[in-house]
Amino acid sequence: MDNPAQKIRLIMELRRQGISNTDVLSAIERVPRDVFVPKTFKDRAYENIALPIASGQTISQPYVVAYMTQLLNLDKRRKVLEIGTGSGYQTAILARLCRRVYSIERYRNLLQAAEEQFKALKITNITTKIGDGHKGWPEQAPFDRILVTAAAEEVPEELLDQLGNEGIMILPVGRDSADQHILRVRRDGNGEVTKEALLSVRFVPMVQGVAGDS
Ligand code: SAH
């Protein structure tokens, strides 16, 4: 349930872990995480841990959500592409901090549940679709920011093509779950791309195709 004391404890822990962007911290404070987690885990919604959601997927750990969001360096002018809607929690955080979020998920049931929460929370700047995130959303490109919340072996080429100049893409990469890290990819004003390996992480894999396809 929404538990203010637990929430404050979580915010304090995130600050100690190095989350200093006050817009990011206030988004974490305002978006209720409990509505995005399954019933059986609601009492643990404000612990700093990843939790299981439907279809064998996970809602990311609050620290990782805050860390990746902080790296995106968002403001209200930005158009963001997110791959892996999952529970929709990260999407709702992004929506508070940017102009519009385009979010792609490969499981229809997860996307439907997430959309119900966006509606209940009266969030109106999220556009979603079912699809394979490797392909991005070419009709809406270029994007100022791209966030991927499932681990690919390397940076998906089509996503990189959809990142605009001065753009930032944050994604987990790695061949197996024991060897993953967050990569920050930046494209400068001349289109030049640089990549930096940051935090070690453990994400579910980015899978080819839409769920249910063979
Ligand atoms: N940000 C979500 C994380 C969910 S886990 C949250 O905090 O709730 C990662 C999600 O990526 C899963 O829902 C999974 O189904 C989705 N995913 C994996 N591969 C994908 C792909 N190729 N295209 C779109 N979504 C994908």
Side-chain angles (χ1 to χ4, degrees), residues 10 14 24 27-28 31-38 41-42 44-72 74 80-98 101-118 121 123 126-138 140 143 145-160 162 169-175 177 180 182 201-214:
L10 174 62
L14 297 178
V24 172
I28 300 265
V31 175
R33 188 167 184 255
D34 54 289
V35 306
F36 294 97
V37 308
F41 294 109
K42 292 228 188 272
R44 308 195 68 183
Y46 295 99
E47 291 182 30
N48 198 5
I49 51 173
L51 291 167
I53 57 174
S55 304
Q57 304 304 312
T58 53
I59 175 170
S60 303
Q61 182 192 1
Y63 171 61
V64 173
V65 170
Y67 178 83
M68 292 176 95
T69 307
Q70 180 164 280
L71 286 173
L72 284 174
L74 293 170
V80 179
L81 174 66
E82 180 195 38
I83 308 303
T85 319
S87 67
Y89 175 65
Q90 168 82 73
T91 324
I93 298 279
L94 294 173
R96 288 198 73 93
L97 301 169
C98 70
V101 188
Y102 293 86
S103 187
I104 306 177
E105 170 57 54
R106 60 188 292 279
Y107 280 102
R108 199 169 294 277
N109 60 319
L110 288 177
L111 196 57
Q112 272 166 1
E115 276 177 339
E116 276 168 31
Q117 296 310 330
F118 303 152
L121 295 170
I123 304 171
I126 297 173
T127 309
T128 64
K129 74 168 181 183
I130 286 289
D132 180 354
H134 289 96
K135 300 194 173 75
W137 201 319
Q140 293 297 340
F143 294 95
R145 303 288 186 262
I146 299 179
L147 177 67
V148 184
T149 68
E153 287 195 3
E154 45 203 289
V155 181
E157 208 50 46
E158 286 169 89
L159 287 185
L160 192 54
Q162 293 174 30
M169 167 154 52
I170 305 295
L171 73 167
V173 289
R175 288 194 188 282
S177 68
Q180 281 178 16
I182 298 288
V201 285
R202 223 169 243 256
F203 274 83
V204 297
M206 190 163 172
V207 180
Q208 297 286 346
V210 169
D213 288 2
S214 51

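FYI, side chains are in, hydrogens and waters are out, and symmetry mates aren't considered; it's all heavy atoms of this structure. Each ligand, and each atom within it, is numbered from 1 in the order the structure gives. Quick caveat, the model's predicted, so the values are computed rather than measured.
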### Query
Judged by non-hydrogen atoms, does P205 sit under 4.0 Å from ligand 1?
yes

#### Entry: Q61 side chain near N48 side chain, heavy-atom distance below 4.5 Å
yes

### Task
Test E115 against T128 for side chain to side chain donor-acceptor pair (under 3.5 Å), laying out the working first.
CA-CA 8 Å; E115 276 177 339; T128 64; 2.3 Å; yes

### Query
Taking only residues two or more places apart in sequence or in another chain, which ones pass salt bridge (charged side-chain N to carboxylate O under 4.0 Å, His left out) with E116?
none

### Task
Report yes or no: do Q57 and S87 form a side-chain donor-acceptor pair below 3.5 Å?
no

### Task
Answer with yes or no whether T85 contacts ligand 1, where contact means a heavy atom under 4.0 Å from a ligand atom.
yes

### Query
Would you say the side-chain atoms of Q162 pair up with the backbone N or O of F143, donor to acceptor, closer than 3.5 Å?
no

### Query
Which one of T58, I59, I104 has a non-hydrogen atom at the shortest distance from atom 3 (C) of ligand 1?
T58

### Task
State which residues pass salt bridge (charged side-chain N to carboxylate O under 4.0 Å, His left out) with E153; sequence neighbours excluded, sorted by chain then number.
R175

## Note on the structure
Nearest heavy atom to atom 15 (O) of ligand 1, choosing from K129, K135, E105, Q208, belongs to E105

### Message
Starting from atom 7 (O) of ligand 1, what is the nearest protein heavy atom, named by residue and atom, and what distance separates them?
### Response
S60 N, 3.2 Å

## Note on the structure
ligand 1 to A150, heavy atom cutoff 4.0 Å, flagged ligand atoms 11 (O), 18 (C)

### Query
Side chain, backbone, both or neither: which part of A211 comes within less than 4.0 Å of ligand 1 when only heavy atoms are counted?
neither

